There are 2 protein chains.
Amino acid sequence: MSPIGRTRPTGRDRLRDSVLAEDLSFLLARANALTLAAANAALAEHGLKARSYSVLALAADDVRPTQRELAEFLRLDPSQVVALVDGLEKRQLVERRTDPADRRANVLVATDAGRALFARAQESARAVELGLLAAVTPADHERLAQLLRLLAFPD
Amino acid sequence: MSPIGRTRPTGRDRLRDSVLAEDLSFLLARANALTLAAANAALAEHGLKARSYSVLALAADDVRPTQRELAEFLRLDPSQVVALVDGLEKRQLVERRTDPADRRANVLVATDAGRALFARAQESARAVELGLLAAVTPADHERLAQLLRLLAFPD
DNA sequence: ACAAATAATTGACTTTTTCAACGGTCCGTG
DNA sequence: CACGGACCGTTGAAAAAGTCAATTATTTGT
């Protein structure tokens, strides 16, 4: 007797057996979608989204990124960075300083308020991340990060 | 002498030392962005994008997904699935069949043309994926997939 | 048989993405 | 030194993607 029935086989997650479910691009996209949604939900309480959180993180980290560097790092169009920084600057979380070494460029620096907010937001972000990684051992967590780095920064 | 110079230190990828670069959500987002861009570029030759490729893949795989299942699996709003399927159906790559078991639902099935196109597109997709994974051993490739599955399908 | 729930669709609306153009600044070459 | 070409940030417009509520047809449970 064939295992192929006419009825839909208990079908909650039949699709996980499809070839697509083995596709790394798909897994990446889906994992990212879920992660992003969770992160945005958690960051909303601080008036941030994943994007603005990332910008604030880099500003608060004293790497003094230019907007162009931000754009390349976050894979955004430079014009999107403008909007993002506008938002943070309006809230006085961040400052644009024209780079003395290149007066075309703006270097981003977090204000004290920005650092304080970031510290709080980072807690939320960490909590979410731990929640998502509940099924992953710390060792595998690090392993996953390393493998993702290979994809995220192909040199 | 302090190592903090006034000049921007060789700065190609200084940002990789920031805390953000250790954030799994960020790595996921960036890896996904690069992967997605590469996939879209490769699929363009077949008139597909990652989204339509995914839908076609599931249709061609004979899992007979309903549109709702597609929406949940691909993390899309049901209305986006409508548009996606419209596009593929107009090109006769895919057919909507009302599910005899539930006449509200449409089951997606690929046409012969759809299967043929998918076979070709799959080759492109595979090639891209191999390119992106050049720095990853096959064993790590599988490991990465497994870890991503944990994030993509938290049960 | 009826009420509540569900699948697909539509339309309106917001957000995100993508591009081209522009002013200001830097750099290398003549 | 000056000039042309490249580069940074900004603006604005257009296209694409995402969100949401309402509607019809159908199913399910009572």
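All chains are named by letter (A, B, ...) in the order of the sequence lines, taking the proteins before the strands, and each is independently numbered beginning at 1. Everything quoted here is computed from the prediction, not taken from an experiment.
Under the side-chain contact (heavy atoms from CB on, under 4.5 Å) criterion, B:Ala21 pairs with A:Phe73, B:Ser18, not counting sequence neighbours. Judged as a side-chain contact (heavy atoms from CB on, under 4.5 Å), and not counting sequence neighbours, the contacts of B:Glu142 are B:Ala145, B:Gln146, B:Arg149.
Classification of B:Asp155 and A:Arg16 as a salt-bridged pair holds, one side-chain N sitting under 4.0 Å from a carboxylate O.
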Short heteroatom pairs, N/O only, protein and nucleotides 22-26 of chain C, under 3.5 Å:
| residue | atom | partner | partner atom | Å |
| --- | --- | --- | --- | --- |
| C:dC26 | OP1 | A:Arg103 | N | 2.9 |
| C:dC26 | OP2 | A:Arg103 | NH1 | 3.4 |

At a cut-off of 3.5 Å, list every protein nitrogen or oxygen paired with a nitrogen or oxygen from nucleotides 2-5 of chain D, distance to 0.1 Å.
none

Contacts under 3.5 Å, N or O only, protein and nucleotides 2-4 of chain C:
none

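If you take CG of A:Asn106 and P of D:dC7, they are 18 Å apart, rounded to a whole angstrom. Look at CD on B:Gln67: it is 14 Å from C1' on D:dA25, rounded to the nearest Å. In this structure, CG of A:Asp77 is placed 16 Å from P of D:dA13, rounded to the nearest angstrom. Taking atom CD of residue A:Glu72 and atom P of nucleotide D:dC8, one finds them 11 Å apart after rounding to whole Å. A:Arg75 places its CZ atom 13 Å from the P atom of C:dT17, with the value rounded to the nearest Å.
Two residues are said to be in side-chain contact when any heavy atoms from C-beta on lie closer than 4.5 Å; B:Leu74 and A:Leu20 meet this criterion. Taking 4.5 Å as the limit, every side-chain heavy atom of A:Leu70 sits out of range of all side-chain heavy atoms of A:Leu76. Contact of the A:Leu144 side chain with the B:Leu144 side chain is registered, since non-hydrogen atoms from C-beta on lie closer than 4.5 Å. At least one side-chain heavy atom of B:Leu148 sits under 4.5 Å from a side-chain heavy atom of B:Leu28.
Under the salt bridge (charged side-chain N to carboxylate O under 4.0 Å, His left out) criterion, the residue pairs touching residues 39-63 of chain B are B:Asp62-B:Arg115, with sequence neighbours excluded. Identified under the salt bridge (charged side-chain N to carboxylate O under 4.0 Å, His left out) test for residues 124-138 of chain A, with sequence neighbours left out: A:Glu123-A:Arg126. Listed by first then second residue, pairs satisfying salt bridge (charged side-chain N to carboxylate O under 4.0 Å, His left out) with a partner in residues 130-139 of chain A number zero, not counting sequence neighbours. Among residues at least two apart or in separate chains, salt bridge (charged side-chain N to carboxylate O under 4.0 Å, His left out) pairs with a member in residues 19-35 of chain B are A:Glu72-B:Arg30.
One N or O donor and one acceptor, one from the side chain of A:Ser79 and one from the base of C:dC19, sit under 3.5 Å apart.
Using a 4.0 Å cutoff on non-hydrogen atoms, the parts of residues 35-52 of chain A near DNA chain C are A:Lys49, A:Arg51, ordered by number. For the contact set between residues 82-98 of chain B and DNA chain C, defined by any heavy atom under 4.0 Å, the members are B:Val82, B:Arg96.
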For A:Glu69 and A:Val63: C-alpha separation, side-chain torsions, deciding distance, then whether side-chain contact (heavy atoms from CB on, under 4.5 Å) applies. CA-CA 10 Å; A:Glu69 288 174 316; A:Val63 270; over 6 Å; no
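For B:Gln80, no side-chain nitrogen or oxygen approaches OP1 or OP2 of D:dA16 to under 4.0 Å.
For the helix from C:dA1-D:dT30 to C:dG30-D:dC1, the axis fitted to the five pairs at one end and the axis fitted to the five pairs at the other end meet at an angle of 30° (nearest 10 degrees).
B:Val82 is not connected to B:Leu108 by any chain of hydrophobic side-chain contacts under 4.5 Å among Ile, Leu, Val, Met, Phe, Trp and Tyr, and they are in different clusters.
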